[in-house]
Amino acid sequence: MKPSVVAIKQQDIFKFNAKAKSVSGAVNMTVGEPNFPTPDHIKKAAIAAINENKTHYTVPEGDHELLHAVATYLHDKYDLNYDPESQILATAGVTEGVFSVFNAILQTGDEVLIPSPSFTIYGPDANFNGASPVYLDTSKTDFKMTPEMLAEVLRTNPRIKILLLNYPSNPTGVSYTKAELEALAEVLKKHDIFVVSDEIYSELTYNFKHVSFGTILPEQTILLNGLSKSHAMTGWRFGVVCGPAEVIAQINKIHELATTSITSITQYAALEAYKNGYDDPIPMRQEYQARRDVLHKGLKKLGFDCPDPDGAFYLFIKIPEGLEQDDVKFANELLEEEHLAILPGSFFGIGGEGHLRLSYAASMDNINACLDKLGDFVKKHSKLIHQV
């Protein structure tokens with residue numbers, strides 16, 4: 001067996017979720033997927049495609065009518081200018097997008113810079129290609145990478161070929177303003193590296209308008225986006241990779257080997273989403289924001305501190321002093337005693353220790369139940385006397 005494959009470990013989040021599912025009646029706040037259904041008009045478009053026997057291979061890069069719709073959508077939403085004939089590739093979700101991009105670019109000995117805490121697939125994808133992740137701890141800077149931090153790590157790690165930038169962030173929910181992105185770009189343009197910008201949560205931005213890094217530094221940026229979070233289409237597996245034409249052509253070679261092409265039915269559903277689903281994310285975003293506010297306020301009353309999330313649907317909370325600081329032990333005891341499932345922050349890498357990630361892609365009833373159960377746990381376990 002290939003050593004780089006053998007070395008890959010099953011992700012801790014999957015193991016913890018399996019344990020949570022075994023606990024009868026557990027309130028699960030771990031799942032990072034919308035609890036809304038896919039909009040009806042998108043489902044109807046897929047059903048119509050099936051009934052019309054549109055069930056055969058498409059070209060590897062994606063149906064060209066779809067790619068044109070993606071280009072128009074990205075231009076209208078984010079002022080991005082990609083040629084649909086050469087700069088956009090349809091993938092089986094952002095997960096396959098990351099895999100194909102890394103496989104096309106990385107060689108043995110290369111490094112990938114990953115601001116941490118981070119989503120859990122990036123490091124293993126780098127390792128698979130003989131490259132190494134370089135994790136940059138952002139826990140002391142409100143979970144944001146500063147230009148100074150970026151300049152220093154690039155100075156001391158000359159083998160970095162990719163910066164993986166994910167915003168709004170899973171797991172922290174923080175994002176970057178246009179000014180912050182421009183400051184990072186001033187550093188990056190001095191280096192011969194790619195920025196792989198995972199913006200899958202772009203439509204779930206609350207506190208300011210999302211700005212795509214593809215508008216800031218287009219010649220070095222490979223943009224990842226899709227419909228999983230914005231249109232509640234996680235199971236459809238649709239993503240896009242966008243970037244310079246010569247780069248997309250090489251990524252498409254890996255994509256062809258991995259998938260041939262993504263399913264035709266998913267592409268017809270995506271076409272409908274991009275043409276007629278501009279406003280689909282709005283009611284979902286409004287509901288997420290309402291849930292965020294209830295959960296954020298309730299957690300603060302219980303003594304948990306966290307950054308005010310700018311987007312996505314996660315809160316990354318710091319365990320208060322006086323409680324068990326081992327986040328893995330904390331989460332397991334919480335599950336066993338209160339039947340409440342919350343992910344340990346250390347599962348998301350350096351800087352996550354002593355934190356917990358909660359997903360508010362859950363019903364308001366579950367959010368209120370979560371606060372009640374967490375409050376009971378705090379009362380029983382706190383080593384300090386404080387009002388909760």
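Just so it is clear, the values below take in all heavy atoms, side chains as well, and ignore hydrogens, waters and symmetry mates.
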S.K.: Check this for me: D142, atom CG, are more than 12 non-hydrogen atoms of other residues, nucleotides or ligands nearer than 6.0 Å?
M.R.: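 No, not enclosed.
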S.K.: State, with a plain yes or no, whether a side-chain heavy atom of T172 is found less than 4.5 Å away from one of Y314.
M.R.: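 The answer is no, as the side chains (C-beta and beyond) never meet within the 4.5 Å cut-off.
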S.K.: Before you tell me yes or no, could you show the steps for K380 and E333 under salt bridge (charged side-chain N to carboxylate O under 4.0 Å, His left out), namely the whole-Å CA-CA distance, both residues' side-chain angles and the distance that decides it to 0.1 Å?
M.R.: CA-CA 12 Å; K380 286 190 289 185; E333 289 180 350; over 6 Å; no
S.K.: Could you go through the salt bridge (charged side-chain N to carboxylate O under 4.0 Å, His left out) check for R155 and E152 one step at a time?
M.R.: CA-CA 5 Å; R155 183 186 69 81; E152 177 61 18; 2.7 Å; yes
S.K.: OH/Y206 to CZ/R292 distance, rounded to the nearest 0.5 angstrom?
M.R.: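 These two atoms lie 7.0 Å from each other.
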S.K.: Mind listing the closest non-hydrogen atom pair of L106 and V112 along with its distance?
M.R.: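 Looks like CD1-CG2, 3.6 Å.
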S.K.: Should we say atom NZ of K21 is surrounded by more than 12 heavy atoms from elsewhere, each under 6.0 Å from it?
M.R.: no
S.K.: Inspect the surroundings of OH in Y278 and state if more than 12 heavy atoms from other residues, nucleotides or ligands are less than 6.0 Å away.
M.R.: yes
S.K.: Could you tell me whether the side chain of H255 and the main chain of L89 form a donor-acceptor pair under 3.5 Å?
M.R.: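 No, because the side chain of H255 does not come within donor-acceptor range (under 3.5 Å) of the backbone of L89.
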S.K.: Under 4.5 Å between side-chain heavy atoms, hopping through other hydrophobics if needed: is there a path connecting Y73 to F213?
M.R.: no
S.K.: Quick one: do E272 and K44 satisfy salt bridge (charged side-chain N to carboxylate O under 4.0 Å, His left out)? Show the steps, please.
M.R.: CA-CA 9 Å; E272 174 65 19; K44 290 176 181 177; over 6 Å; no
S.K.: When you group the ILVMFWY residues by side-chain heavy-atom contacts below 4.5 Å and let the links chain together, are V187 and I160 in the same group?
M.R.: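 Yes: a chain of side-chain contacts under 4.5 Å links I160 to V187.
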S.K.: Is the shortest side-chain heavy-atom distance between H210 and P168 below 4.5 Å?
M.R.: yes
S.K.: If we only count heavy atoms from C-beta on, is the V241 to S100 side-chain gap below 4.5 Å?
M.R.: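 Heavy-atom side-chain distance check fails, nothing below 4.5 Å.
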S.K.: Are more than 12 heavy atoms, taken from residues, nucleotides or ligands other than Q107, located less than 6.0 Å from that residue's CD atom?
M.R.: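 Result for CD/Q107: open.
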S.K.: Could you check whether E96 pairs with R237 (Lys NZ or Arg NE/NH1/NH2 to Asp/Glu carboxylate O, under 4.0 Å)?
M.R.: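 Result for this pair is no, no salt bridge flagged.
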